[in-house]
2 protein chains.
Amino acid sequence: MSRYLNSYYVNKNGMDKNELRNKLISTATRLFAERGLNGVSIRELSKSAGVSISMISYYFGGKEGLYSSVLQEQFSSFEQIDDINKTDSEALAKIEAYIRWIIVRHRNNPYLLRFYTSELTNPTQFFPSIVQPAIGNVIQILVQIIEDGIAKNQFRKDLNPVDTVLAMAGMVNYYFLSTLATQELINHSPERDQELIRHYMDIFTKGILS
Amino acid sequence: MSRYLNSYYVNKNGMDKNELRNKLISTATRLFAERGLNGVSIRELSKSAGVSISMISYYFGGKEGLYSSVLQEQFSSFEQIDDINKTDSEALAKIEAYIRWIIVRHRNNPYLLRFYTSELTNPTQFFPSIVQPAIGNVIQILVQIIEDGIAKNQFRKDLNPVDTVLAMAGMVNYYFLSTLATQELINHSPERDQELIRHYMDIFTKGILS
DNA sequence: CACATTATAACGAACGTTCGATTTATGGTG
DNA sequence: CACCATAAATCGAACGTTCGTTATAATGTG
């Protein structure tokens, strides 16, 4: 119920302008992740957010605009991977940091689990400016890490960097994907995360070390 | 334009009863894979198949019935993996056979690339009898292959079979998923497939052999 | 005639968008 | 301080479109 400095209007809902906007974004994030763009009507969405339906057009220019905003917010987190590459660590440590990063991201972000989908690869066509640079950026950085490791004789010389990156990311991703597909609950404990990271790193490093 | 034995009627379209049904299934398979259940209207679908809209209700009892038939057909192919396990090969050879199988399946079957999605995990809820046994069966068989390999001292004793299966499948899957996400074309050549299989097996076996 | 299929129309429901009315906070004016 | 005009924020109803389904009459085939 708190007010924002740049807002002078408080509605009978008790939400001010920014609260209302955020409520729409967070509700849309959850619902679109669960059922896709076409799987959610703005009537249900606005009702679930406790807000009038017209607010979606008012603030986001319509349903697609809201969807675009959600994607923008979700994929902006990809930029954080730059930090991993800037450290002085060895290539292997960087890779472990990346695996840790992608696991945490997947835990909190259903869009990373689902952005391959028909509903969400359409956005890569409709909103290529949001999704493609994010993915491309991650792949590029990881390829560079692998290439560094090869150059410093830490990794096998015959590795194909791009395929290796995809293999590595795949090991982590697929665990979550299959967990979803088989309808099992994702166990959120940090201990299980640690166990996973250790396990994947173990398999992976034996395959790439020189 | 060939006739089927159990059909005596040939329409002015030149399609007989079974051809019409198959045309609907194949068109629906393509369109649903591209855009999901909610992304395609039966008006567009029937038009694209060159068939009257009423035929969908007539033959499949409606849109969901058609979708269910498509899923059924797609996931029935999962049973083929049983054959791999029945051979006398070593565990490693079985795994290579599985990787080959999943690559070929993914090439021909967009549903295997997309069944994790919001559009298609909904079907795992709405049609659990179709999707879940198929996936569960594959995982179960592969876990057994790994366990056999461990028991025969071919693989490391400390491997977690389930996680190892997911890691292995992930390496292959992720290649296709990221290929989709980054909008690159999937290169269909058998040579590229061979190269991929060799590459993944190379990384993977170094990680699991005892 | 029986059957398969078409084209068409109609249905109610749901969709995303638009619009006029209302509520609220603000700043100017006396 | 009281008043008022204004602009921003919000609402709910209404609009036109599309959806999946169903019914119907007409047409072609065996």
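In what follows, chains are A, B, ... by sequence order, proteins preceding strands, each numbered from 1.
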- For Ile53(A), enumerate each residue passing the side-chain contact (heavy atoms from CB on, under 4.5 Å) test, keeping only those at least two apart in sequence or located in another chain. Ile42(A), Arg43(A), Ser46(A)
Between [atom2] of [N] and [atom1] of [X], the distance in whole Å:
X        : N       : atom1 : atom2 : result
Glu19(A) : dA8(D)  : CD    : P     : 21 Å
Lys47(B) : dA7(C)  : NZ    : C1'   : 13 Å
Tyr67(B) : dG20(D) : OH    : P     : 14 Å
Arg21(B) : dC3(C)  : CZ    : P     : 19 Å
Met55(B) : dT27(D) : CE    : C1'   : 13 Å

Could I get the full list of side chain to side chain donor-acceptor pair (under 3.5 Å) partners for [X], not counting sequence neighbours?
X         : result
Ser57(B)  : none
Ser54(A)  : Ser52(A)
Gln144(A) : none

- Between Phe32(A) and Leu66(A), which heavy-atom pair has the shortest distance, and what is it? CE1-CG, 4.4 Å
- Counting side-chain heavy atoms from C-beta on, which of dA9(D), dT6(C), dC11(D) comes nearest to Val51(A)? dC11(D)
- Item | Under the salt bridge (charged side-chain N to carboxylate O under 4.0 Å, His left out) test, residues paired with Glu44(A) that sit two or more places apart | Arg35(A)
Listing time: all N or O pairs from protein to nucleotides 15-18 of chain C that are below 3.5 Å?
residue: dC15(C); atom: OP1; partner: Ser41(A); partner atom: OG; Å: 3.4
residue: dG16(C); atom: OP1; partner: Lys63(A); partner atom: NZ; Å: 2.3
residue: dG16(C); atom: OP2; partner: Ile42(A); partner atom: N; Å: 2.8
residue: dG16(C); atom: N7; partner: Arg43(A); partner atom: NH1; Å: 2.8
residue: dG16(C); atom: O6; partner: Arg43(A); partner atom: NH2; Å: 2.6
residue: dT17(C); atom: OP2; partner: Lys63(A); partner atom: N; Å: 3.0

